[in-house]
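A short worksheet on the structure shown next.
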Amino acid sequence: MITHAWSVRRLHAVDDAQIDELAGVLIDCVDGGASVSFMHPLTRDRAVSFWRRVAQGVAAGNRALIVAEDAHGLCGTVQLMFDLPENQPHRADLAKMLVHRRARRQGLGAALLRAAEATARECGKSLLVLDAVTNGDAARLYERLGWKRVGVIPGYALMPQGGLCDTTVYYRNLGG
Ligand SMILES: CC(C)(COP(=O)(O)OP(=O)(O)OC[C@H]1O[C@@H](n2cnc3c(N)ncnc32)[C@H](O)[C@@H]1OP(=O)(O)O)[C@@H](O)C(=O)NCCC(=O)NCCS
């Protein structure tokens with residue numbers, strides 16, 4: 001049996017210490033060049049504000065937040081967004097898949113994705129949708145784990161240091 005250096009769990013409430021650690025994960029990803037909604041440099045204040053809004057969404061039941069922890073603290077996370085139009089109760093958006101650089105390439109991204117899919121099923125969702133930078137590390141992960149590619153939107157967002165990148169939209173049918 002493989003013993004991992006991290007464990008994965010769902011958080012139903014997020015405290016200030018966890019917000020601070022999640023801000024650290026987000027800042028590390030942006031420092032590493034990930035296009036995850038923020039421009040570089042991402043200040044701690046902006047990162048903490050983002051996670052405070054996430055914490056409010058978790059408390060309101062609009063989001064499911066999954067985290068991974070290693071010996072140094074929180075090192076990975078992913079979210080399911082449930083706050084969708086009333087004609088899409090079976091669906092969630094998957095967002096903010098983030099693994100700190102210290103914990104990458106050990107299977108944690110895959111574990112977070114599987115945990116998010118399991119959580120979505122538990123919450124009665126049968127369809128997940130996400131977008132990712134075309135041909136990036138995350139896109140490879142989603143395709144490896146069976147997500148279906150819908151198509152590419154050219155020039156969708158800026159990379160954190162500037163310059164447009166294409167985005168690929170994916171979906172995963174959990175019903176079958
Ligand atoms: C995308 C991301 C989440 C992947 O996280 P990760 O923990 O490295 O993912 P995994 O370890 O499951 O897989 C990554 C690679 O490691 C490999 N790997 C997995 N376990 C391994 C092991 N034990 N030994 C060696 N390699 C391993 C996988 O095969 C995969 O290889 P590939 O990139 O060549 O396809 C991470 O790179 C990240 O946070 N990037 C920045 C943020 C980002 O872009 N998020 C996506 C938003 S859509």
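For clarity, every value in this text was computed on a predicted model and none was experimentally measured. Order of appearance sets the numbers: ligands from 1, and atoms from 1 within every ligand.
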(message) For atom 8 (O) of ligand 1, what is the closest protein heavy atom, and at what distance to 0.1 Å?
(response) Arg105 N, 2.9 Å
(message) If the cut-off is 4.0 Å to any non-hydrogen atom of Ala138, which atoms of ligand 1 fall inside it?
(response) 1 (C), 46 (C)
(message) Closer than 4.0 Å and a protein heavy atom, does any atom meet both conditions relative to atom 2 (C) of ligand 1?
(response) no
(message) For Leu113, state whether at least one heavy atom is located under 4.0 Å from any atom of ligand 1.
(response) no
(message) Who clusters with Val169? Use side-chain heavy atoms, under 4.5 angstrom, across I, L, V, M, F, W and Y, and order the result by chain and number.
(response) Leu127, Val129, Val150, Ile153, Tyr156, Tyr171
(request) Just jot down the side-chain contact (heavy atoms from CB on, under 4.5 Å) partners of Arg46, sequence neighbours excluded, or say none. (result) Phe38, Leu42, Thr43
(message) Quick test: of every protein heavy atom, which one is nearest to atom 6 (P) of ligand 1, and how far off is it to 0.1 Å?
(response) Gly109 N, 3.6 Å
(message) Quick check on contacts: which atoms of ligand 1 are under 4.0 angstrom from a heavy atom of Leu108?
(response) 7 (O), 11 (O), 12 (O)
(message) Would you say Val14 ends up clustered with Ile66 if hydrophobic residues are merged whenever their side chains have heavy atoms under 4.5 Å apart, either directly or through other cluster members?
(response) no
(request) State yes or no: do Phe82 and Leu65 share one hydrophobic cluster built from I, L, V, M, F, W and Y residues joined by side-chain heavy-atom distances below 4.5 Å, directly or via other members? (result) no
(request) Begin from the C-alpha positions of Arg44 and Asp20 and carry the test salt bridge (Lys or Arg N to Asp or Glu O under 4.0 Å) through to its verdict. (result) CA-CA 8 Å; Arg44 187 154 284 269; Asp20 201 52; 3.0 Å; yes
(message) Within ligand 1, which atoms have a heavy atom of Gly107 less than 4.0 Å away?
(response) 10 (P), 11 (O), 12 (O), 19 (C), 20 (N)
(request) Flag Ala132 as yes when one of its N or O atoms lies below 3.5 Å from any N or O atom of ligand 1, and as no otherwise. (result) no
(message) Using the rule that Ile, Leu, Val, Met, Phe, Trp and Tyr join whenever any side-chain heavy atoms are under 4.5 Å apart, tell me whether Val58 and Leu26 fall into a single cluster.
(response) yes
(request) Check whether any heavy atom of Arg144 sits under 4.0 Å from an atom of ligand 1. (result) yes
(request) Give the residue and atom name of whichever protein heavy atom lies nearest to atom 32 (P) of ligand 1, and the separation in Å to one decimal. (result) Arg140 NE, 3.4 Å
(message) Within ligand 1, which atoms have a heavy atom of Leu98 less than 4.0 Å away?
(response) 39 (O)
